[in-house]
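The structure under discussion appears below in the form of structure tokens.
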Number of protein chains: 2
Amino acid sequence: MPAKGGRYHHGDLRSALVDAAVDVIGERGVRGFSLAEASRRLGVTTAAPYRHFADRDELLAAVTARALRVFATMLASAADAADTPARRLAAMAGAYVRFAAQQRPLFDTIFSSGLDKSRYPELQRAWEPVDALLTVVLEVCDGDAVTAGALSDAVEACAHGHAMLFIDGDYGQGPEAVESAAAKAVAAAQALIAGRAALRPPG
Amino acid sequence: MPAKGGRYHHGDLRSALVDAAVDVIGERGVRGFSLAEASRRLGVTTAAPYRHFADRDELLAAVTARALRVFATMLASAADAADTPARRLAAMAGAYVRFAAQQRPLFDTIFSSGLDKSRYPELQRAWEPVDALLTVVLEVCDGDAVTAGALSDAVEACAHGHAMLFIDGDYGQGPEAVESAAAKAVAAAQALIAGRAALRPPG
DNA sequence: GTCTATATCCCGATAGAC
DNA sequence: GTCTATCGGGATATAGAC
């Protein structure tokens with residue numbers, strides 16, 4: 001906590017800036033984020049961040065990396081609580097929606113930052129644990145890689161779509177709407193698993 | 001066409017501004033859009049738009065309304081080309097993805113403008129034709145409204161998710177990637193239809 | 001219906017002091 | 001490692017002339 005109007009000397013401005021950025025994004029959206037505003041909230045001048053980040057986008061990348069760690073953790077713990085591969089996959093779809101709802105600034109940052117991912121190797125690395133989690137589909141499909149790839153895409157798309165529709169307010173607001181949306185995502189994943197024969201590419 | 005540096009007197013600046021806005025959004029994204037830039041491209045001053053729109057957001061709302069009309073048209077013509085309710089639903093999922101790919105500025109505007117929809121009745125009206133198209137699911141489910149509602153949500157979410165993943169570049173670029181992504185959305189819709197029994201809310 | 005001119009605000013980024 | 005000071009740029013929006 002910086003003293004009001006005082007200087008900020010606790011030596012972890014870098015990390016504090018990431019926190020502040022999340023707050024700003026939560027209130028004003030990704031597009032409303034600015035280095036200046038984050039600095040102001042910490043009681044430092046707008047010049048200070050440049051000791052720790054080359055520019056605005058680099059801070060945004062740091063926020064994204066943190067967001068992806070949280071995301072992967074939520075998906076993993078949902079998967080761990082289920083007892084079959086199919087249930088694990090469905091549970092991750094539900095966790096996907098809950099992450100969007102409960103950590104909306106992080107979700108927005110991951111998917112709407114507008115950052116050119118290829119320019120930030122840090123981000124590509126941060127995505128890997130998330131992608132790895134989707135490999136459970138291989139077990140669901142008994143090692144059939146073609147069907148597994150299709151199922152993986154479909155479940156991911158479906159979970160993402162439910163998350164977006166929830167955020168858009170189509171399912172209402174409040175904790176009960178979150179659970180309702182998550183349940184829809186779980187059910188859709190189960191339906192996709194059940195109907196996965198239709199997913200195989202033509203031919 | 002405004003003369004270079006000349007005045008703009010053709011009397012349809014309002015409509016021209018919507019066109020220009022689409023161009024700007026196509027090049028810089030929704031968040032890069034500004035009234036000033038759109039004005040500049042038409043050779044008018046930044047004050048001119050205020051004769052036609054109260055503020056920046058009102059122009060953005062006009063763009064969104066136009067985008068929704070195009071969207072509804074694409075979905076409808078895809079549905080018309082299919083011969084069974086189930087195929088119509090699946091065809092709309094494919095058209096959803098194609099719209100995102102072929103009319104990306106419009107898609108972005110609809111889903112990422114950050115506009116508070118409840119404040120623009122014009123937008124709520126513009127959504128109605130799109131929502132109405134999804135009622136084909138009732139036929140797919142033989143009038144079972146509960147399953148139909150769940151199936152409708154699932155297909156919409158899935159199509160939306162595939163569109164987003166395509167835009168994010170996860171499926172590659174180019175016309176062939178578009179068709180691939182659209183095919184995935186169609187297949188996913190079919191899988192959801194096939195597995196729709198799993199979609200019914202618990203109980 | 002558009003222009004000129006202007007007021008106001010915010011942002012990113014840098015140089016140099018401490 | 002942070003501050004002071006500042007530059008340059010771009011946006012929204014308004015007032016008043018034509």
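So that the names make sense, note that chain A is the first sequence line, chain B the second, and so on, each numbered from 1.
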What's the closest nucleotide to the side chain of A:T45 if the choices are C:dG12, D:dC3, D:dA13? D:dC3
Looking for any heavy atom pair under 4.0 Å, which part of the strands does B:S34 touch: base, sugar-phosphate only, or nothing? sugar-phosphate
Against the side chain of A:E37, the closest entry in C:dA13, C:dT2, C:dC11 is C:dC11
Is it the case that the side chains of A:R200 and A:T147 hold a donor-acceptor pair, with the cut-off being a distance below 3.5 Å and no angle test? yes
C:dT2, C:dT4, C:dG12: which one has an atom nearest the side-chain heavy atoms of A:A36? C:dG12
Rounded off to whole Å, could you give me the CG-to-C1' distance for the B:L35 and C:dC9 pair? 16 Å
Would you confirm whether B:R28, through its side chain, and B:F33, through its main-chain N or O, come within 3.5 Å as a donor-acceptor pair? no
Could you tell me whether A:D168 and B:K117 have a side-chain N and a carboxylate O separated by less than 4.0 Å? yes
Just wondering, do B:I110 and B:W127 contact through their side chains at under 4.5 Å, heavy atoms? yes
Specify the separation, in whole Å, of atom CZ of A:R28 and atom P of C:dC9. 15 Å
Using atom CZ of A:R31 as one end and atom P of C:dG12 as the other, report the distance to the nearest whole Å. 15 Å
From C-beta outward on A:A47, which listed nucleotide comes closest to its side chain: C:dT14, C:dC3, D:dT2? C:dT14
With respect to the side chain of A:V44, which nucleotide from C:dG12, D:dT2, C:dC3 is positioned closest? D:dT2
Taken to the nearest whole Å, OH/A:Y50 to P/D:dT4 is 17 Å
Atom-to-atom span, CZ of B:F53 to P of C:dG1 - whole angstrom: 13 Å
5' precedence on DNA chain C between A:T46 and A:R51 (nearest-nucleotide basis): A:T46
To the nearest angstrom, the CD-P distance between B:E58 and D:dT12 comes to 14 Å
Rounded to whole Å, CG of A:L17 lies from P of D:dG1 at a distance of 13 Å
Hey, is the main chain of A:E58 close enough, under 3.5 Å, to the side chain of A:D55 for a donor-acceptor pair? yes
Is A:R56 close enough to C:dG12 that one of its side-chain N or O atoms is under 4.0 Å from OP1 or OP2 there? yes
Can you tell me the distance, in whole Å, between the CG atom of A:D57 and the P atom of C:dA13? 8 Å
So what does A:R40 touch, heavy atoms closer than 4.0 Å: a base, only the sugar-phosphate, or nothing? sugar-phosphate
